[in-house]
Number of protein chains: 2
Amino acid sequence: MSKENKSRYALLGALSYAPMSGYDLKKFMEGSTSNFWNESYAQIYPMLKQLTNEGLTVSHTERQEGRPERHVYALTDKGWEELRRWLAEPAERQVERNELLLKLFFGTRVSVATNIEHIQRYRGLVAGSLQQFEGIEATIKTQYAENPELPYWLITLSYGKHISQALLNWCDETINILQKQQEAEKAGTPS
Amino acid sequence: MSKENKSRYALLGALSYAPMSGYDLKKFMEGSTSNFWNESYAQIYPMLKQLTNEGLTVSHTERQEGRPERHVYALTDKGWEELRRWLAEPAERQVERNELLLKLFFGTRVSVATNIEHIQRYRGLVAGSLQQFEGIEATIKTQYAENPELPYWLITLSYGKHISQALLNWCDETINILQKQQEAEKAGTPS
DNA sequence: CGTGTCATGTAATCAGTTACATGATTCA
DNA sequence: TGAATCATGTAACTGATTACATGACACG
């Protein structure tokens, strides 16, 4: 119940696309889910062993000339079952920490200019993400036009676009507010 | 450099409002920053000791009749300095995990109806948050009208409102897309 | 000749949650 | 009588990152 390790499901899910090695899994996530899910090798390799112990995956070894061996993992029927069970369960909503907001909450302790800089820098990052999302969208729409997974990929991208656009608006509004405050301060804060 | 423990700064920041005990700090965060920052007692109490060892805070004990003692912590000059140093530094952008998107990324493994349910449930949660934000906004705008911190509090609330609204739009759009897909499936997926 | 990729993994550390332990008072 | 609040803390555990270790090949 309650607390389940979610790395398991990220791996099971990825393996439902195709059998993969730990190395492949990392690359796969970097190229697809990295904006909302990532795992490090230090999580992947031990977890793959555990999944195999639990009978959710099976592995076989591919020998290659002049390269290290590949340990390729594939879902078992039990693995598919466990993946589907998790997918049918409602997602938990996590309260995520936001360092920028924490700083702004203590905004009066530093100059208005400092706070504006933080937000401007953040705006740049978000604008970059948005562009990235739009690039990916255009690419996969043509490249995977016939792929039945496409609609779901687009849904996750759309999430990113909506959030990014909202953040850009918030940045602009907020910078505006703070700039007005800055001018008022310069003018000499009349009682 | 690089990796600094941020709980420190959450506590230093909170103590910049007023001297507080560990218990107070928890309540303070619950009532103000809980939507973007929270700490548990198990983090707060040891951290307060550490901050005192480092000379960033000082503590004194208040004895009370029929109640446990209160250990009240206050910022030292060095503590203020450290807080300001951190506030002037740019915030790190963390890649946050999103379980809902992870499930949707594997959406084809379950029925369209299941995915729609997830999003509908999520929509309800977001709508609740948005309402909560609007309630708090109205309250503090009148209750703290003259407080110089108010603009920054409103900025963090505005962030929440922008995000929530964007999420509602995404939910509606996405539910729509999936419902159309569902109808197409029922109609018998013509080639 | 150095960097990057392929490929596996472990050890140490740090961060964070949950459970445990205590005990008086107040309120319904 | 039982739950909630006040108030402090520790221990055990889980989760996640960083650093370490190895070694061949390809590319510029």
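To find a chain, count down the sequence lines: A is the first, B the second, and so on, and within it residues start at 1. Please read all numbers here as calculations on a predicted model, not as lab measurements. These numbers come from the heavy atoms of this one structure, side chains and all, not from hydrogens, waters or symmetry mates.
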**Prompt:** Hey, does the side chain of A:Asn5 come within less than 4.0 Å of D:dT14's phosphate (OP1/OP2), counting only N and O?
**Reply:**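 So the side chain of A:Asn5 is outside the cut-off, no N or O lying under 4.0 Å from OP1 or OP2 of D:dT14.
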**Asked** So, is B:Ser7 near the phosphate of C:dG16, with a side-chain N or O under 4.0 Å from OP1 or OP2?
**Response**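 Yes, such a contact exists.
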**Request:** Check the surroundings of atom CD in A:Gln131: do more than 12 heavy atoms from other residues, nucleotides or ligands lie under 6.0 Å from it?
**Result:**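 Check fails, neighbour count at 12 or below.
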**Asked** Taking ILVMFWY side chains as joined if any heavy atoms are under 4.5 angstrom apart, and letting links pass through other members, which residues group with A:Tyr23?
**Response**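 Reading the cluster by chain and number, A:Tyr23 sits alongside A:Tyr41, A:Tyr45.
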**First encountered from the 5' end of DNA chain D, between B:Tyr45 and B:Arg97** =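 Upstream on the strand: B:Tyr45.
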**Item:** 5' precedence on DNA chain D between B:Ser21 and A:Asn38 (nearest-nucleotide basis)
**Value:**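 Per heavy-atom nearest nucleotide, the more 5' residue is B:Ser21.
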Pull out every protein N or O sitting under 3.5 Å from an N or O of nucleotides 4-6 of chain D, one pair per line with the distance.
from  : atom 1 : to      : atom 2 : distance (Å)
D:dC6 : OP2    : B:Tyr23 : OH     : 2.6
D:dC6 : O5'    : B:Tyr23 : OH     : 3.4
D:dC6 : O4'    : B:Arg67 : NH1    : 3.4

Distance, rounded to the nearest Å, where [X] contributes [atom1] and [N] contributes [atom2]:
| X | N | atom1 | atom2 | value |
| --- | --- | --- | --- | --- |
| B:His71 | D:dG9 | NE2 | P | 5 Å |
| A:Ile44 | C:dT10 | CD1 | P | 14 Å |
| A:Glu4 | D:dG15 | CD | C1' | 15 Å |
| A:Glu96 | C:dA15 | CD | P | 20 Å |
| B:Gln50 | C:dC14 | CD | C1' | 12 Å |
| A:Gln43 | D:dT14 | CD | P | 15 Å |
| A:Glu92 | C:dT17 | CD | C1' | 13 Å |
| A:Glu39 | C:dT8 | CD | C1' | 17 Å |

Give me each pair satisfying salt bridge (Lys or Arg N to Asp or Glu O under 4.0 Å) with a member in [range], each pair once, sequence neighbours excluded.
| range | answer |
| --- | --- |
| residues 151-163 of chain B | B:Glu137-B:Lys161 |
| residues 36-57 of chain A | A:Arg8-A:Glu54, A:Glu39-B:Arg97 |
| residues 166-181 of chain B | B:Arg123-B:Asp172 |

**Message:** Go nucleotide by nucleotide along DNA chain C from the 5' end; which of A:Glu69 and A:Pro46 gets its closest nucleotide reached first?
**Reply:**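 Going by which nucleotide is closer to the 5' end, it is A:Glu69.
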**Item:** Ring-face cation contact, B:Phe106 with A:Arg84, 6.0 Å cut, 45° max
**Value:**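 The answer is no; the distance or angle limit is not met.
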**Item:** Cation-pi, B:Tyr17 ring and A:Arg109 (6.0 angstrom, 45 degrees)
**Value:**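 Yes, A:Arg109 lies over the aromatic ring of B:Tyr17.
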**Asked** So, are B:Lys6 and B:Glu92 salt-bridged, with charged N and O less than 4.0 Å apart?
**Response**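 Counted as a salt bridge, because a side-chain N and a carboxylate O are separated by less than 4.0 Å.
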**Request:** Salt-bridge test for B:Glu89 and B:Arg85: reply yes if a basic N is under 4.0 Å from a carboxylate O, no otherwise.
**Result:**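 A salt bridge is present here (some side-chain N lies under 4.0 Å from a carboxylate O).
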**Item:** Cluster link B:Leu83 to B:Tyr73, ILVMFWY, side chain under 4.5 Å
**Value:**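 In one cluster: yes.
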**Asked** Using rotation axes that map the C1' atoms of four end pairs onto the next four (five pairs an end), what angle separates the end axes of the helix from C:dC1-D:dG28 to C:dA28-D:dT1, to 10°?
**Response**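 End-to-end axis angle: 40°.
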**Message:** Please classify the nucleic acid contact of A:Lys49 as base, sugar-phosphate, or nothing, using heavy-atom distances under 4.0 Å.
**Reply:**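 Sugar-phosphate only.
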**Request:** For the side chain of B:Ala42, starting at C-beta, report the closest nucleotide among D:dA11, D:dG15, D:dT17.
**Result:**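 Selected nucleotide (nearest to the side chain): D:dA11.
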